Amino acid sequence: MSKLVGKVAIVSGSGRGIGREIALKLAGEGAAVVVNDLDAEPAQSVVAEIVAAGGKAVTCTGSVTEADFGTRFVGTALKEFGRLDIIVNNAGYTWDNVIQKMSDEQWNAIMDVHVSAPFRILRAAADYFRESAKSEADAGQEVFRKVVNISSVSGVMGNAGQANYSAAKAAINGLTKALAKEWGRYKVNVNSVAFGLIKTRLTEAVAGEGNSSTIDIAGQEIKVGVNAQLMKNIEAMIPIGRGGTPEEAAGAVYLMCIPESNYVTGQVLVVGGGRP
Ligand SMILES: NC(=O)c1ccc[n+]([C@@H]2O[C@H](COP(=O)([O-])OP(=O)(O)OC[C@H]3O[C@@H](n4cnc5c(N)ncnc54)[C@H](O)[C@@H]3O)[C@@H](O)[C@H]2O)c1
């Protein structure tokens, strides 16, 4: 029995990688999904895939860092599907360097995409969540809604070369814990899922070795990826013996979206194959 029938989800950065699998998983379990990505083409292709499988989805493209994006994202769910039950803050990228070589631009860009953008998206949903909870309580109902903020083990343990990303992913965990306390009364579960190594273009590309991926952020090409030898060393330290797949990552997010997790809130679930 599909557990998310009648629910509406918004998933940022869901044109590729983990976000894509989250959108497909939530849709596969019955949710209508608003698919966001910086890039229109992959977002449209995820929507097409969901619709072809008999699900419901629309795009809301653009950067999560745009000042009005939160309002637009939440507004799309309400306009297209008439409600909002699940918010997954997933969009993001890495822009690594040791601290002495890290520019203000590099620091601010990563804080903006991983912390400020989720903050604005969640703030845009606040009135709707509060008013819905009030009318549901008046009707004697308890309806749970879900926020899943995507974090990283870098935000839990720290990671050399990622001062900006580690700080940002730790900050999103702080936002998660604060909002769990503010929104408990509205029956909104707010949790973080902190991934270890998940095999996507962020981690599979081999930076500096000829076939690395780049992300175009406001006209600037930013290299992502992990050196091949470093990747082998990381995998050797994972008790399960390998990096996770995007499908496995999406499975953990799904757990935070179903009724069985209704009493779980303010938590950081580490999904790292046994490596914290
Ligand atoms: N892959 C990993 O090992 C790993 C580990 C820990 C955390 N994460 C986190 O998981 C999330 C997804 O990463 P992924 O590995 O799937 O990367 P990915 O590059 O495969 O996918 C990320 C998607 O987000 C989009 N995106 C980037 N910036 C955006 C913006 N400003 N607005 C809208 N969309 C934007 C990209 O276009 C891309 O389609 C990120 O928050 C990342 O930090 C990944």
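Counting starts at 1 for both ligands and their atoms, in listed order. Numbering of residues begins at 1 and proceeds along the displayed sequence. In this text, all values refer to a predicted model and were calculated from it rather than measured experimentally.
Close to ligand 1: Y165, with a non-hydrogen atom less than 4.0 angstrom away. Within the 4.0 Å heavy-atom shell around ligand 1 one finds G62. Distances shorter than 4.0 angstrom occur between a heavy atom of S151 and an atom of ligand 1. The shortest heavy-atom distance from G196 to ligand 1 is under 4.0 Å.
Between V113 and ligand 1, a contact under 3.5 Å exists for no N or O pair. For the pair S63 and ligand 1, the shortest N or O to N or O distance falls below 3.5 Å.
Of the listed residues (V64, V253, V193), the one carrying the non-hydrogen atom nearest atom 30 (C) of ligand 1 is V64. Considering only non-hydrogen atoms, atom 38 (C) of ligand 1 lies nearest to D37 out of V271, I215, D37.
When heavy-atom distances to ligand 1 are checked against a 4.0 Å cut-off, K199 has no atom that comes that close, whether in backbone or side chain. Contact annotation for T203 and ligand 1: only side-chain heavy atoms (C-beta onward) come within less than 4.0 Å of the ligand. Counting heavy atoms closer than 4.0 Å to ligand 1, residue I150 contributes side-chain atoms (C-beta onward) but none from N, CA, C or O. Residue contacts with ligand 1 for Y93 involve side-chain atoms from C-beta outward but no N, CA, C or O (heavy atoms, distance under 4.0 Å). Under 4.0 angstrom from ligand 1, the non-hydrogen atoms of D39 all belong to its side chain. Residue R20 does not touch ligand 1, judged by heavy-atom distances below 4.0 Å. Neither the backbone nor the side chain of S14 comes within 4.0 Å of ligand 1, counting heavy atoms alone. Residue-level proximity to ligand 1 for N36 is carried by the side chain, the only part with a heavy atom below 4.0 angstrom.
Here the CD1 atom belonging to I222 is positioned 7.5 Å from the CD1 atom belonging to I215, to the nearest 0.5 angstrom.
Minimum interatomic distance between L122 and W183 (heavy atoms only, all atoms of both residues): O-CH2, 3.3 Å. For V33 against F81, the heavy-atom pair with the smallest separation is O-CE1, 4.0 Å. K7 approaches V143 most closely through the heavy-atom pair NZ-CG1, 4.3 Å.
With 3.5 Å as the limit, one finds no donor-acceptor pair spanning the side chains of T61 and T59.
Surrounding CZ of R130 are more than 12 heavy atoms belonging to other residues, nucleotides or ligands, all under 6.0 Å away. Within 6.0 Å of the CE atom in M111, the count of heavy atoms belonging to other residues, nucleotides or ligands exceeds 12. Around CG of D104, the count of heavy atoms belonging to other residues, nucleotides or ligands within 6.0 Å does not exceed 12. Within a 6.0 Å radius of CD1 in I240, other residues, nucleotides and ligands contribute 12 heavy atoms or fewer.
For ligand 1, the atoms lying closer than 4.0 Å to a non-hydrogen atom of L197 are 3 (O). Of all atoms in ligand 1, listed by their number and element, those nearer than 4.0 Å to a heavy atom of H114 are 41 (O), 43 (O).
The protein heavy atom nearest to atom 1 (N) of ligand 1 is I198 O, 3.0 Å. Nearest non-hydrogen protein atom to atom 12 (C) of ligand 1 is N90 OD1, 3.2 Å. In this structure, the protein non-hydrogen atom closest to atom 44 (C) of ligand 1 is I18 CD1, 3.8 Å.
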| Intermediate values then yes/no, side chain to side chain contact (heavy atoms under 4.5 Å, CB included), S14 and V35 | CA-CA 6 Å; S14 49; V35 175; 3.2 Å; yes
| request: Could you please spell out the steps behind the side chain to side chain contact (heavy atoms under 4.5 Å, CB included) verdict for I198 and T203? | output: CA-CA 7 Å; I198 306 295; T203 50; 5.7 Å; no
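A distance-only check finds no donor-acceptor pair linking the side chain of T65 to the backbone of V113 [under 3.5 Å].
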